[in-house]
Amino acid sequence: MRHNLLGLNDRNRDIIAYNNFSSYGTNNSDIKRMKQILSKAVSSELTDRQRECVILYYYDNKTMNEVATILSLSKSTVSRHIKAAKLKLKNVAKYY
């Protein structure tokens, strides 16, 4: 069975969850369910700083430099928060 990549929204596909559906049998309700799970995980599983970085970067389509400026952080710190958030979200998605 091949694993598919799933993003939080249609524009940004690099926050990923590996779903257990074959590329031929994936249906929209399964994809919608996984996106809802990921959205809930963003609000409940991430730290406040990780959540801020994820929302600004993925939902508001800001660059890492813009996120860093808005939050008064360095670009590398923003990158670390996003990387940690992606790992948490990937681990949450494994259970569904």
- Message: A side-chain contact here means heavy atoms from C-beta on lying under 4.5 Å apart; do K40 and I37 qualify?
- Response: no
- Query: Heavy-atom distance under 4.5 Å between the side chains of L38 and V92, does that happen here?
  - Reply: no
- Is the NZ atom of K62 crowded by more than 12 outside heavy atoms at less than 6.0 Å? no
- Note on the structure: Closest non-hydrogen atoms of V54 and A85, given as atom of the first, atom of the second and distance, are CG2-CB, 3.5 Å
- Query: Can you tell me how far the NZ atom of K86 sits from the OH atom of Y57, to the nearest 0.5 Å?
  - Reply: 7.5 Å
- Within a strict 4.5 Å, meaning less than it, do heavy atoms of the L71 and R49 side chains meet? yes
- Which heavy atom of C53 sits nearest a heavy atom of I82, and at what distance? CB-CG1, 3.9 Å
- Excluding sequence neighbours, so at least two apart, what forms salt bridge (Lys or Arg N to Asp or Glu O under 4.0 Å) with R80? none
- Query: By side-chain hydrogen bond (donor to acceptor under 3.5 Å, both in side chains), which residues pair with S79, not counting sequence neighbours?
  - Reply: none
- In terms of heavy-atom contacts, N65 and K75 come closest through OD1-CD, 3.1 Å
- Please tell me if the side chains of E66 and L56 come closer than 4.5 Å, counting only heavy atoms from C-beta onward. no
- Give the minimum heavy-atom separation between V42 and R51, together with the two atoms involved. O-NE, 3.0 Å
